Amino acid sequence: MATDQKKNADFLKQGGILAMASLFVRFIGLIYRIPMSNILGEEGNGIYAVAFEIYDLILIISSYSLPLALSKIISAQVAKREYKNSGQTLRVGLMFAAISGGVFGGFLLFGAEFIEKHIYPEYAGVHIPLRVLAPTILIVAFLGVFRGFFQGKRTMMPTAISQVIEQVINAIVSVLASYLFMKWTIGDPLQAAWGAAGGTLGTCLGAAAALLLLLFLSSIYRPVQRKLEKKDRSGRVDSTGYLFRVLLLTIFPVILSQTVYNISGLIDYKLFGYLSANKGIGTVEIKSLVGVYSSKYRVMCSVPIALSTALASSMIPSAVAAFTQGDIKQLKSNIASVVKFNMIIAFPCFIGYTVLGLPIIRMLFSSNYILGGKLLVAGSLAIVFYALSNVTGGALQSINKMSLPVFHSALSLILHVGIVYICIKFTPLGIYSLIVGNITFPMVVWLLNLWALNRHIPGGYKQEWIKTFVAPLAASLWMGSFTLVFYEIIGLITNSNLIRTLISLFIAMIVYFIALLVLNTLTKEELVEFPCGYRLYALAKKVKLMS
């Protein structure tokens, strides 16, 4: 029992490191997107959004799944003490990155104008930021290999530090380059596209900085790896060809799954652009509406969703090791812990955005905050379903059911396309049609994943409901009610939206924390694994909310 608790604590600690890094990274991303969004304007934001959806899709096909795949392979090798094999896997991963990153980076560089002309003619100028993003494909491929290697060794710190460095450089360069590119191209019909290209330049240089850091860390770790290889008594060193095939077989289902996830955004933008144009809406207005949706609603939702993605990624090495060793109890414990941790984050974000969505967007953005706030209020429920679909998908990958998340995502995508098409073409919902699809897509994936987990985990998998779902939701509703009342009361004292929103958010955090403890949602062991957990526990004990 003590061993299980120690394993779970270490797993949560590593997951917490990556999750907090992702939170910090998303927070920086949110902060820099505010001035960049205001610099680009809605049209520039629309071009930026479409360019990034295309880039993300190509990145997924070429190398995005490398960290997950390598961490899965290497963690299984480490569990069997095949240290020489783990080093060989790293070398094969670098070869794969060079080939895939080079080919797809070249495709994006030379095919940018073709993509704009034949696929996205409604978004004139999108080829400019795409060409700036082209070298990033190769850089991120190498970056993913080193991140996957360290994650497979069950240390999330190199990935976490590199993510922070990457985002800091990205933030500085993106804002500065957007401003300068917009300034230098005044009078150019494609000024908005050049501004978007400035934003994508930050992505490229940020990734390059992170890669340099991981190259440095890997050089420091090399002597440790050599010592481990000398202790290797397994005698197994797989051939390059064999590991290449294993890597491809591991990556391919992940690529399909993530491609289905991300292609939904590209399909949304294409459907919205095409069907809106048929209704007589101009291209500038189309790009502007997509700009509001992407730069306000999706950016705000991406912060909590990033936490679920990080926790799902951090779960995989430990879950793979547990499954490989036949420790089904530990496997179930890992999955249950991540789901619960996610719900403790997702539910208050959902309720908080529902209650204060409009004031938050108004506080952060200077343009079109009314539409942005309404979109956030209408679509914040998606946060909960994305968190659940991410974690359950990661769990299926951990038990070697790699194809199931792909199949589930494909089924959901078919339904998603039909729903979005009907909403845009036959209803007056307009841009809200994308919100409807953004909620239904992860909901269907989660339900299918949960059904599959129960079927394929030995003994079945049943998620605990009261403390995982009911208690966090009840605490969030309590928080939302108090926050809404306080926001109105503060409005009697000051008309400043900034002051009212900041005070209300601070009150919301306190009320939610108290509500969680009153409802006995967290144990001491779980609370101390949170950031500043020991201080939070000491505070809770002092006010007699925990013993």
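This is a predicted model, so every value here is computed, not measured. Residues: numbered from 1 along the sequence shown.
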Contact check, side chains of Asn390 and Ile305, non-hydrogen atoms, under 4.5 Å: yes
Which atoms form the tightest heavy-atom contact between Val377 and Gly357, and what is the distance? CG2-CA, 3.9 Å
Heavy atoms, side chains only, cut-off 4.5 Å: are Ile351 and Met479 in contact? yes
Rounded to the nearest 0.5 Å, the CD atom of Gln77 sits from the OG1 atom of Thr89 at a distance of 3.5 Å
Quick one, Ser380 with Thr354, criterion side chain to side chain donor-acceptor pair (under 3.5 Å). Give me CA distance, side-chain angles, the key distance, then yes/no. CA-CA 7 Å; Ser380 57; Thr354 301; 3.0 Å; yes
Looking only at atom types and distance, does a side-chain atom of Asn342 sit under 3.5 Å from a main-chain N or O of Val338, one as donor and one as acceptor? yes
Is the backbone of Thr468 close enough, under 3.5 Å, to the side chain of Glu464 for a donor and an acceptor to pair up by distance? yes
Is any side-chain heavy atom of Glu82 less than 4.5 Å from a side-chain heavy atom of Val78? no
Taking ring-ring contact (aromatic ring centres under 6.0 Å, His included) as the definition, give me every residue that meets it alongside Tyr293, ordered by chain and number, with sequence neighbours left out. Tyr297
State the CE-CD1 distance between Met509 and Ile507, to the nearest 0.5 angstrom. 10.0 Å
Check whether Gln151 reaches the backbone of Thr159 with its side chain - one donor and one acceptor, N or O, closer than 3.5 Å. no
How long is the gap from CZ on Phe482 to CG on Leu477, to the nearest 0.5 Å? 12.5 Å
Please answer whether the main-chain N or O of Met300 pairs with a side-chain N or O of Tyr353 as donor and acceptor at a distance below 3.5 Å. yes
May I ask you to decide if Leu214's main-chain N or O and Ser218's side chain share a donor-acceptor pair within less than 3.5 Å? yes
How far apart are the C-alpha atoms of Tyr269 and Ser294, what are their side-chain angles, what is the distance that settles it, and do they pass the side chain to side chain contact (heavy atoms under 4.5 Å, CB included) test? CA-CA 10 Å; Tyr269 293 152; Ser294 63; 3.6 Å; yes
If you look only at pairs with a residue in residues 137-147, which of them pass as a salt bridge (Lys or Arg N to Asp or Glu O under 4.0 Å), with sequence neighbours excluded? Arg147-Glu166
Using side-chain hydrogen bond (donor to acceptor under 3.5 Å, both in side chains) as the criterion, list what pairs up with Asn170, not counting sequence neighbours. Tyr32, Gln167, Ser174
Would you confirm whether Ser412, through its side chain, and Ser409, through its main-chain N or O, come within 3.5 Å as a donor-acceptor pair? no
Side-chain donor-acceptor pairs of residues 95-102 under 3.5 Å, sequence neighbours excluded:
residue : atom : partner : partner atom : Å
Ser100  : OG   : Ser62   : O            : 3.0
Ser100  : OG   : Phe96   : O            : 3.0

Here the pair of heavy atoms bringing Val140 nearest to Ala207 is CG2-CB, 3.9 Å
Can you list everything that forms a side chain to side chain contact (heavy atoms under 4.5 Å, CB included) with Lys462? Sequence neighbours excluded, please. Asn454
Residues forming a side chain to side chain contact (heavy atoms under 4.5 Å, CB included) with Val470, sequence neighbours excluded: Ile466
Pairs touching residues 506-520 that satisfy side chain to side chain donor-acceptor pair (under 3.5 Å), sequence neighbours left out: none
State, yes or no, whether a side-chain contact exists between Phe146 and Leu217 at a heavy-atom distance under 4.5 Å. no
Does Thr521 use its side chain to pair, donor to acceptor, with the backbone of Leu517 at less than 3.5 Å? no
Sequence neighbours excluded, the answer for side-chain hydrogen bond (donor to acceptor under 3.5 Å, both in side chains) partners of Lys153 is Ser86, Gln225
Output for pair (Trp478 CH2, Leu516 CG), nearest 0.5 Å, gives 10.0 Å
Please lay out, stage by stage, how Leu376 and Cys301 fare under the test side chain to side chain contact (heavy atoms under 4.5 Å, CB included). CA-CA 8 Å; Leu376 188 58; Cys301 288; 4.0 Å; yes
Checking Cys423 now: which residues fulfil side chain to side chain contact (heavy atoms under 4.5 Å, CB included) with it, not counting sequence neighbours? Ile419, Thr427, Leu429, Ser433, Val436
Say you draw a straight line from CD1 of Ile73 to CG of Leu247; how long is it, rounded to the nearest 0.5 Å? 5.0 Å
Closest non-hydrogen contact found for Leu453 with Ala395 is CD2-CB, 3.8 Å
Do the side chains of Leu211 and Leu215 get nearer than 4.5 Å, heavy atoms only? yes
Any non-hydrogen side-chain atom of Val224 less than 4.5 Å from a side-chain atom of Lys227? no
Would you give the length of the straight line joining atom NZ of Lys340 to atom CD1 of Ile344, rounded to the nearest 0.5 angstrom? 5.5 Å
Do Tyr386 and Phe441 come close enough that some side-chain heavy atom pair is under 4.5 Å? yes
In terms of heavy-atom contacts, Leu94 and Phe142 come closest through O-CE2, 3.6 Å
Identify the two heavy atoms, one from Ile383 and one from Cys349, that lie closest to each other, and give their separation to 0.1 Å. CD1-CB, 4.2 Å
Please enumerate all residues that pass side chain to side chain contact (heavy atoms under 4.5 Å, CB included) together with Leu448, with sequence neighbours excluded. His408, Leu411, Val444
Show which side-chain atoms of residues 52-60 pair as donor or acceptor with protein atoms under 3.5 Å away, not counting sequence neighbours.
residue : atom : partner : partner atom : Å
Glu53   : OE2  : Arg298  : NH1          : 2.7
Glu53   : OE2  : Arg298  : NH2          : 3.4

For the residue pair His416 / Asp268, report whether a side-chain donor-acceptor contact shorter than 3.5 Å exists. yes
Residues forming a ring-ring contact (aromatic ring centres under 6.0 Å, His included) with Tyr221, sequence neighbours excluded: Phe149, Phe150
Taking all non-hydrogen atoms of both residues, which atom of Ala452 and which atom of Leu396 are closest, and how far apart? CB-CD2, 4.0 Å
Evaluate the criterion side chain to side chain contact (heavy atoms under 4.5 Å, CB included) for residue pair Leu519 and Lys467; output intermediate values, then yes/no. CA-CA 8 Å; Leu519 294 171; Lys467 290 189 176 182; over 6 Å; no
Side chain to side chain, Asn85 and Lys80, heavy atoms closer than 4.5 Å: no
